[in-house]
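Structure record follows, encoded as structure tokens.
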Amino acid sequence: MPELPEVEVLKRSLQKKLRFCKIIRIKIYNRNLRYKVPYSINRNLKNHVVNDISRISKYLIFHINFSKKLLIHLGMSGTIHLIENNNKNNTNASFYHSLDLPNKHNHIEISFNNDIKMIYNDPRRFGYFKLLKKNYLLEKPIINLGPDPFGYKFNFEYIKGYIYNKKINIKNLLMDQKFVSGIGNIYSNEILHYCKLRPTKKVNQLSKRNILNIIVQTKKVLNKAIQFGGSSIKDFKKIDGIPANFQKNFKVYGKNNTQCPRHSCSGYIQKVLISNRSSFYCPKCQT
DNA sequence: AAGAGGCCCTGATAGC
DNA sequence: TGCTATCAGGGCCTCT
């Protein structure tokens with residue numbers, strides 16, 4: 001599910017609903033995530049106010065107070081949704097009821113003083129919760145992350161320096177979180193189609209124009225996905241349980257054997273495995 | 001030492 | 001229908 005756009009959309013919804021709210025109760029239903037959920041989250045977070053919620057790469061960070069931060073990673077199948085309790089006039093109330101929200105794999109439930117419950121659900125359990133300290137930017141996993149694709153550090157000189165003497169292909173580079181953080185399998189495929197670059201292309205073959213284009217198209221694709229509320233594949237839902245929309249805009253992801261959507265291209269999208277990940281591209285216009 | 005591949009886990013789907 | 005095999009969006013770890 002969650003690459004940068006999905007996490008960004010989630011962050012914005014959480015900010016609206018939970019900023020400046022106090023955590024009054026934490027229930028841990030199942031500690032088994034990628035790492036055991038620390039019992040200490042209760043002691044550290046209960047009765048504290050959430051000052052802000054931010055995103056770094058695919059990670060959410062709850063800023064609890066000056067010194068305490070809660071990091072949440074959604075792994076492959078993690079979802080967060082909110083249940084608003086005493087909201088009888090909410091026209092969505094019956095809607096929530098009919099949504100058949102998942103509960104079998106609910107791991108953690110955090111209740112706030114505004115009658116909202118935040119539920120973390122994760123069938124495949126690749127996500128995790130971790131407490132970070134004041135200088136969290138210097139802690140793992142944040143310390144290992146490359147620049148945000150929207151940040152000024154993601155520029156031509158940086159990329160040129162990074163790929164110098166590297167033999168990696170462009171798709172794996174885009175998914176390398178040390179290079180640029182937040183891009184996963186779906187959006188790397190999409191970005192490369194916009195760039196007319198074959199995913200297997202070695203990075204030492206990239207021209208200056210190619211690199212500049214990668215910078216522009218990366219921002220474009222991710223921005224558009226954010227505007228559409230992210231992509232819903234399988235179980236990703238927006239915070240209210242409603243599926244997001246960007247998957248309708250996919251150009252290549254999951255489109256094997258269909259005609260290339262590029263105007264005036266008559267190629268057909270192919271699926272290949274690159275480092276054991278499904279990769280989609282048009283062999284005619286992506287070179 | 002960079003880069004590829006295996007693996008953690010469950011569920012959905014396909015094929016027999 | 002009910003079995004088994006295959007495949008999923010991430011990222012850490014190990015091996016070459």
To the nearest Å, how far apart are [X] [atom1] and [N] [atom2]?
X: A/R34; N: B/dC7; atom1: CZ; atom2: P; result: 15 Å
X: A/K178; N: C/dC13; atom1: NZ; atom2: P; result: 12 Å
X: A/N172; N: B/dG5; atom1: CG; atom2: P; result: 9 Å
X: A/L33; N: C/dC12; atom1: CG; atom2: P; result: 15 Å
X: A/N189; N: C/dG10; atom1: CG; atom2: P; result: 10 Å
X: A/I163; N: B/dG3; atom1: CD1; atom2: P; result: 11 Å
X: A/K202; N: B/dG3; atom1: NZ; atom2: C1'; result: 10 Å
X: A/K140; N: C/dC12; atom1: NZ; atom2: P; result: 8 Å

Q.
Tell me whether the NZ or CZ atom of A/K160 lies within the 45° cone about the ring axis of A/Y162 and under 6.0 Å from its centre.
A.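 Checked: cation-pi criterion not met.
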Q) Do we get A/K220 above A/Y194's six-membered ring, with its NZ or CZ under 6.0 Å from the centre and within 45° of the axis? A) no
Q.
Before we go on, tell me: are the rings of A/H63 and A/Y136 under 6.0 Å apart, centre to centre?
A.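 A/H63 vs A/Y136: aromatic centres under 6.0 Å.
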Q | Ring centres under 6.0 angstrom apart (A/Y59, A/H73) | A |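 Ring centres of A/H73 and A/Y59 closer than 6.0 Å.
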Q. If you pin A/N169 and A/F126 to their nearest nucleotides in DNA chain B, which one's is more 5'?
A. A/N169
So, is [X] close to the [N] phosphate, meaning a side-chain N or O under 4.0 Å from OP1 or OP2?
X: A/K104; N: B/dG11; result: yes
X: A/K166; N: B/dA2; result: no
X: A/H73; N: C/dG11; result: yes

Q: Under the side chain to side chain contact (heavy atoms under 4.5 Å, CB included) rule, collect the residues that match up with A/K46, sequence neighbours excluded.
A: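 By the side chain to side chain contact (heavy atoms under 4.5 Å, CB included) rule, A/K46 matches A/N42.
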Q.
Run the side chain to side chain contact (heavy atoms under 4.5 Å, CB included) test against A/R262 and tell me which residues pass, sequence neighbours left out.
A.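 A/R262: side chain to side chain contact (heavy atoms under 4.5 Å, CB included) contacts with A/H193, A/K196, A/C260, A/C265, A/C285.
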Q. When you compare C/dT14 with B/dC9, how far apart are their P atoms, in angstrom units rounded to a whole number?
A. 16 Å
Q: May I ask you to test the A/V180-A/T218 pair for a side-chain heavy-atom distance under 4.5 Å?
A: no
**Q.** Stepwise side chain to side chain contact (heavy atoms under 4.5 Å, CB included) check, A/I170 with A/I163
**A.** CA-CA 10 Å; A/I170 179 60; A/I163 65 179; over 6 Å; no
Distance-only polar pair, side chains of [X] and [Y], donor-acceptor under 3.5 Å:
X: A/D122; Y: A/Y120; result: yes
X: A/K140; Y: A/N144; result: no
X: A/Y253; Y: A/E190; result: no

Using the side-chain heavy atoms of [X], tell me which of these nucleotides is nearest: [options].
X: A/Y253; options: C/dA8, B/dG11, C/dG10; answer: C/dA8
X: A/H105; options: C/dG10, B/dT10, C/dG11; answer: B/dT10
X: A/K167; options: C/dG11, B/dG3, B/dT10; answer: B/dG3
X: A/I168; options: B/dG11, B/dG3, C/dG11; answer: B/dG3

Q. Which other residues belong to the hydrophobic cluster containing A/I143, where Ile, Leu, Val, Met, Phe, Trp and Tyr are joined when side-chain heavy atoms lie under 4.5 Å apart, directly or via other members?
A.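 Once heavy-atom contacts under 4.5 Å are chained together, A/I143 belongs with A/L138.
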Q) Are more than 12 heavy atoms from other residues, nucleotides or ligands located less than 6.0 Å from atom NZ of A/K153? A) no
Q: Check DNA chain C against residues 268-280 of chain A and give the residues with a non-hydrogen atom under 4.0 Å, in numerical order.
A: A/K271, A/R277, A/S278
Q: Assign A/Y128 to base, sugar-phosphate, or nothing according to its heavy-atom contacts below 4.0 angstrom with the strands shown.
A: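 Nothing: the residue A/Y128, judged by heavy atoms under 4.0 Å, touches no strand.
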Polar atom pairs between nucleotides 14-16 of chain C and protein, under 3.5 Å, N or O only, would you list them?
none

Q | base_contact_polar (B/dC9 base, A/R124 side chain, donor-acceptor, <3.5 Å) | A |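 Donor-acceptor pair under 3.5 Å: yes.
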Q | Intra- and interstrand pairs of DNA chain C - dot-bracket, Watson-Crick/G-U under 3.5 Å, | marks other strand | A | .|||||||.|||||||
